[in-house]
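Here's the structure, in structure tokens; my notes come after.
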Amino acid sequence: MSSELKTISIGMLGCGVVGSQVARLLQSDQEELSKRSGAELVLKKIGVRTAGAREGIPAALLTTDLLSVVNDPEINIVIEVLGGIEPARELILAAIANKKSVITANKALLATHGHELFNAADAAGVDLYYEAAVAGAIPIIRSMRESLAGDQITRVMGIVNGTTNYILTKMHEEGRNFADVLAEAQKLGFAEADPTADIEGHDAAAKAALLASLAFHSTVTIDEVYCEGISNISADDIAAAKVMNSVIKLLAIAELTVKDEISVRVHPVMLPLTHPLASVRDAFNAVYVESEAAGQLMFYGRGAGGAPTASAILGDLVAVTRHRAYSTVGYGESDYADLDIAPLGDVKSQFLIRLWVADKSGVLAGIATVFAKQGVSIQGVRQSGMGLDAELIVVTHAATEDDLDATVEALKAMDIVKNVESVIRVEGVGA
Ligand code: HSE
């Protein structure tokens, strides 16, 4: 099969940690990548927001006129690694309107305006690829969109934020508290100076929206994702997890409910050490997929960083270039199922409740009565004493969020309950 186009010109928007690695690899591996793509790849222009030299990048490629990249008639494919909503959204729409295929790593943009952008790409007959937007180097988007296209995915659980996984790993392995580990991670450059998007789960929520959309052929946006971060996880919570042969992980979860609705959420979860996701340490990411025919699959790798993210972008570039060279497009997004989002209150999980109570007769019976009144069944109770008070760790069978909330409110109102320290959802132990 011979290609119609001899040369494919690439324009890039952004040249930061990821963009500079894309540019480096495009230059060093240009010949190999061209052979794999079926057309000669040429990096023609890089749009940057601030002028100035970039190490290893020929000055002639750089321009601060971002629009000139998407309006250049010779450019066939635009790689967007600016991040943020605007001007990335407008620039991508302009590129698509000019019939350019687009590759983006911008999870926040796709999780907010994906519907508009994918529709525009579809109408223009161009590709909009985004492997790098979720879990960096891990080939999860293509796997879900193409390899699993013939299966029914029922649940996706992912460790999709390296910063929080690094912090939780240190807390677990070194017994340190959250603030201490975060401060050290910032000093070492593993956490951002403003870590809010990572530690409060917003970064993972954008990725959860993209995974849920793909898994369930529906459009899910970031504002539909229930989101709880890890800033309230204490050294005592980690110690409680350890006692139960478990770890605490921040998970992005997208699952089908019994009513065929999508539950999509990000929150800390207690996982038994035997669960495949429990062994994912430090800044690594992993996505665990359950589907009807394939069963369980696990994808593991580096979720961030210049070169790993560039690997995903270049994989998209080879695919998109082949489509351009042979005048076709790849798989687009499918949202035909159009499933509703399940209200959080209806979603069922198992829970761990850690509370301090007075250590005297009748206390356990009183506590058990409160659970029974809300119809929340107790799977196990562990007690450790200290003076006049005792710490109770109660693990429930699967219960709805609403029933659990009502139970916790009733517990807080009891005289014998000194404090409800924490409530953590539990996965992987069997409801
Ligand atoms: N900040 C993210 C993380 C990487 O810590 O994994 C980019 O999504």
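Every heavy atom of this structure was used, including side-chain atoms; hydrogens, water molecules and symmetry mates were not. We count ligands from 1, going down the list as the structure has it; atoms in each ligand are counted the same way.
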Heavy-atom distances under 4.0 Å are what count here, so tell me which part of Asp203 touches ligand 1: side chain, backbone, both or neither.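 The side chain, only.
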
Location of contacts on Lys207 toward ligand 1, heavy atoms closer than 4.0 Å: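 Only the side chain of Lys207 comes within reach of ligand 1.
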
Please confirm whether Lys107 approaches ligand 1 to less than 4.0 Å, judged on its heavy atoms.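 Lys107 counts as a contact of ligand 1 under the 4.0 Å cut-off.
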
Just to confirm my output: which protein heavy-atom neighbour is closest to [atom], and how far is it?
atom                   : answer
atom 4 (C) of ligand 1 : Ala304 CB, 3.7 Å
atom 1 (N) of ligand 1 : Asp198 OD1, 2.9 Å
atom 5 (O) of ligand 1 : Thr163 OG1, 2.5 Å

Can you confirm whether [X] is buried at [atom1], in the sense that more than 12 heavy atoms of other residues, nucleotides or ligands lie under 6.0 Å from that atom?
X      : atom1 : answer
Glu86  : CD    : yes
Lys44  : NZ    : yes
Glu192 : CD    : no

Is any side-chain N of the basic residue among Lys170 and Glu184 closer than 4.0 Å to the acidic one's carboxylate O? no

Lys35/Glu32 ion pair, N-O < 4.0 Å: no

Distance-only N or O hit between ligand 1 and Asn285, under 3.5 Å: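 No; the residue has no nitrogen or oxygen that sits under 3.5 Å from a nitrogen or oxygen of the ligand.
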
For ligand 1, which is the ligand I care about here, please tell me if Gly162 has any N or O atom under 3.5 Å from one of the ligand's N or O atoms. yes

If the condition is side-chain hydrogen bond (donor to acceptor under 3.5 Å, both in side chains), which residues does Glu146 pass it with, not counting sequence neighbours?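 Per chain and number, Glu146 pairs via side-chain hydrogen bond (donor to acceptor under 3.5 Å, both in side chains) with no residue.
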
Report the residues that fulfil side-chain hydrogen bond (donor to acceptor under 3.5 Å, both in side chains) with Glu333, sequence neighbours left out, ordered by chain and then residue number.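 Counting only residues at least two positions away or on another chain, Glu333 forms a side-chain hydrogen bond (donor to acceptor under 3.5 Å, both in side chains) with Tyr130, Arg145.
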
For atom 3 (C) of ligand 1, which candidate among Ile159, Val17, Asn161 holds the nearest heavy atom?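 Looking at heavy atoms only, the winner is Asn161.
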
